[in-house]
Amino acid sequence: MPTETHPDQQYITALCTGNEALIRDIYAKYARSIQIWVTQNNGDVADAQDLFQDALMAVYDRYCGREFVLTSSLGALLMTICRRKWFDRLAQKTREEGVRKWEENRYNEEDSEWEAAEAAIMHQKRQECLSQVFKLLSEQCQKMLTMVAAGAHSVEQIAAELGFANANALYQSKHRCTARWRQLFNEHFKEI
Amino acid sequence: MENIERLDRYLRGAMDAEEKAGFEAQLAKDAELAKALELQRDMELFLRRKTQRETLQKQLPAIGKEYFQTTQGAKVITMPRQRRLLLIAASLAAAIALFFMVRWALSPSLFDSYAQYPPLALTEKSAGIDWSQAETAFNSKKYTEAESLLAQYVAENPLDRQALLYLGICKMEQDKLHEAQSIFQGFTPDEADLRDYADWYLALSYLKAGDKTSCRQALQQLSNTSPFRQQAADLLNKL
C-alpha cells in the first residue's frame, strides 16, 4: 500500500473547511463522469446530482476531523461510493436485478477502493444516525452537549449559563445526556 | 455511566499515565469497551462538526445545480413575433447556405479518410469476463454491436476511460453525435493522453455533423503535444 499523500488530499481539506472554489473544482472534475455513468445505469441527471452530493458527504464524514492520509485519487473513491450507493438504491427499487448487479460489481471492484468506499459509507451512516437521534434529546441536553463540545466557553461559564451549581454538576448531567444519546443510537442504528 | 465517565476522561486526556495504561490494556482485550470508545469518538466528532456539516449540506445542492444540467431544464425565452420571423428567415437562409457549403466542402469521404482508430484491446484488462466479442465487433466496424457491449463494459468498469472513449467512437460512427460529443467533452486535462484523442474525435464528430466552424475551432484547440497535430493541420487546409 502506498503511504505518500495524494495531491487530491487538498480537495478533502476543502470539503472539511467549506472552501467553495475548490469544491467547485471537485464538481468540475468529476460530476460529468458520474452523470454519464448514472444515466447509463437507469438513472437521470437529478439522481446523479443527488448521488454525487451524498458521496461527498460520505467523504466528509469519513475524513473530516480525523487524522488521515489519502493514498488514492478522490475521483476513484467518489466513483466507487456512487456505484455502491446506486446499486443499493436499485436493490431497493427493483430487488432482484439490483441485487444481482450489486453482487456482480462487488467482486469486480479493486479491494482498496472498495474498502475505502465501504468505510466512508459506514461512517456516514453512523453520523446520520447520531444526528437523527440527537434531535430526540431534550433541548437542555442538546444545548449543553453542543456548548461543551464547541469549547468557546469554560465549563464553569457554561454551568452558570445553564443553571448548574458547579462544573461537577454539569459533568454529571453531561454523562446522563450522553448515556441517553448512546442508548438511542444503539436502538436505532443498523449495520450495513 | 461509569464507563462513559472513563471514556470521557480518556478522550479529554484527563487520565494520569498509570490509569491510561491500564485503560488501554483493557481496551485491547475488551471488544465491547473498544466499540463503546469508537462510538464516543463519533459522538464528539458529530458535536464538533455539527454546524459545519449542516452548512456543507446546504452548500452542495446550490453548487451541484450548476454542474448537473439537462437540456430540458434550460430556460425558454419567448421572443417577439417579428424577431422570431426574422430569426426563422435567417436560420433558413443559413441552413440552405450551409447545406451547399457542406456538400461542397465536407463530403462523407473526408470524414472517412480521417476516422481511423487504433484497435480496441479489452481482453488483457478484464478479470474473469470475456470481452473479446466487444473487441471483435469494434475492430470489424460493427459499431451497433460494439456500442452495446462497450456500454456494459463501461458500466462495470467506470474507471476504464479508454473504453469510454471507444464507446464515444461507436456512437459517433452511428451518427449519435450529441451523445458522442458529450462523452468526448467529458475528458479532463488530467487525462492528458486520452484527452488528446477525445479532442481529435470531437473535431471529427463536428466534421461528420457538417459543422465546419466547430470542427475548425476544435482542431485549433488541440494541445501542442497532440499526436494528431499533423492530421489536424491537413484537415484544416481542406476545410
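Fair warning: this is a prediction, and the values are worked out from it, not measured in the lab. Letters A, B, ... mirror the listed sequences (proteins, then strands); counts begin at 1.
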**Message:** Please evaluate residues K58(B) and E54(B) with respect to the criterion salt bridge (Lys or Arg N to Asp or Glu O under 4.0 Å), reporting the C-alpha separation (whole Å), side-chain torsions for both, the decisive distance (0.1 Å), and the verdict.
**Reply:** CA-CA 7 Å; K58(B) 286 177 194 154; E54(B) 286 165 359; 5.9 Å; no
**Request:** Decide yes or no on ring pair (Phe, Tyr, Trp, His ring centres under 6.0 Å) for Y27(A) and F52(A), but give the supporting numbers first.
**Result:** CA-CA 9 Å; Y27(A) 273 90; F52(A) 191 68; 4.9 Å; yes
**Asked** How about E139(A): does its CD atom have over 12 heavy atoms from other parts shown lying under 6.0 Å from it?
**Response** no
**Asked** Does atom NZ of K143(A) have more than 12 heavy-atom neighbours, drawn from other residues, nucleotides or ligands, at distances under 6.0 Å?
**Response** no
Atom group of [X] that falls short of 4.5 Å from chain A, counting heavy atoms:
X	value
E38(B)	both
D8(B)	side chain
T51(B)	neither
Q59(B)	side chain
R9(B)	neither
E66(B)	side chain

Options [options], ranked by heavy-atom pairs under 4.5 Å with chain B, top entry:
options	value
Q53(A), R32(A), R66(A)	Q53(A)
R24(A), E20(A), M79(A)	R24(A)
S33(A), G151(A), S131(A)	S131(A)
A76(A), C64(A), A150(A)	C64(A)
I36(A), D61(A), V148(A)	D61(A)

**Prompt:** Got a second to check how far C141(A)'s SG is from R176(A)'s CZ, nearest 0.5 Å?
**Reply:** 8.5 Å
What option among [options] has the most heavy-atom pairs under 4.5 Å with chain A?
options	answer
Q57(B), R49(B), Q40(B), Q185(B)	R49(B)
Q52(B), R161(B), R48(B)	Q52(B)
M43(B), E44(B), R41(B)	M43(B)
L39(B), L56(B), L45(B)	L39(B)

**Asked** Under a 4.5 Å cut-off applied to non-hydrogen side-chain atoms, are L51(A) and R89(A) in contact?
**Response** yes
**Message:** Is the shortest side-chain heavy-atom distance between R83(A) and W37(A) below 4.5 Å?
**Reply:** yes
**Message:** I want to check a possible cation-pi pair here: R53(B) against Y60(A), using under 6.0 Å from ring centre and within 45° of the ring axis as the test.
**Reply:** no
**Passing candidate, side-chain contact (heavy atoms from CB on, under 4.5 Å) with I63(B), options L56(A), I26(A), I23(A)** = I23(A)
**Exam field: side chain T178(A) to backbone K174(A), donor-acceptor pair closer than 3.5 Å** = yes
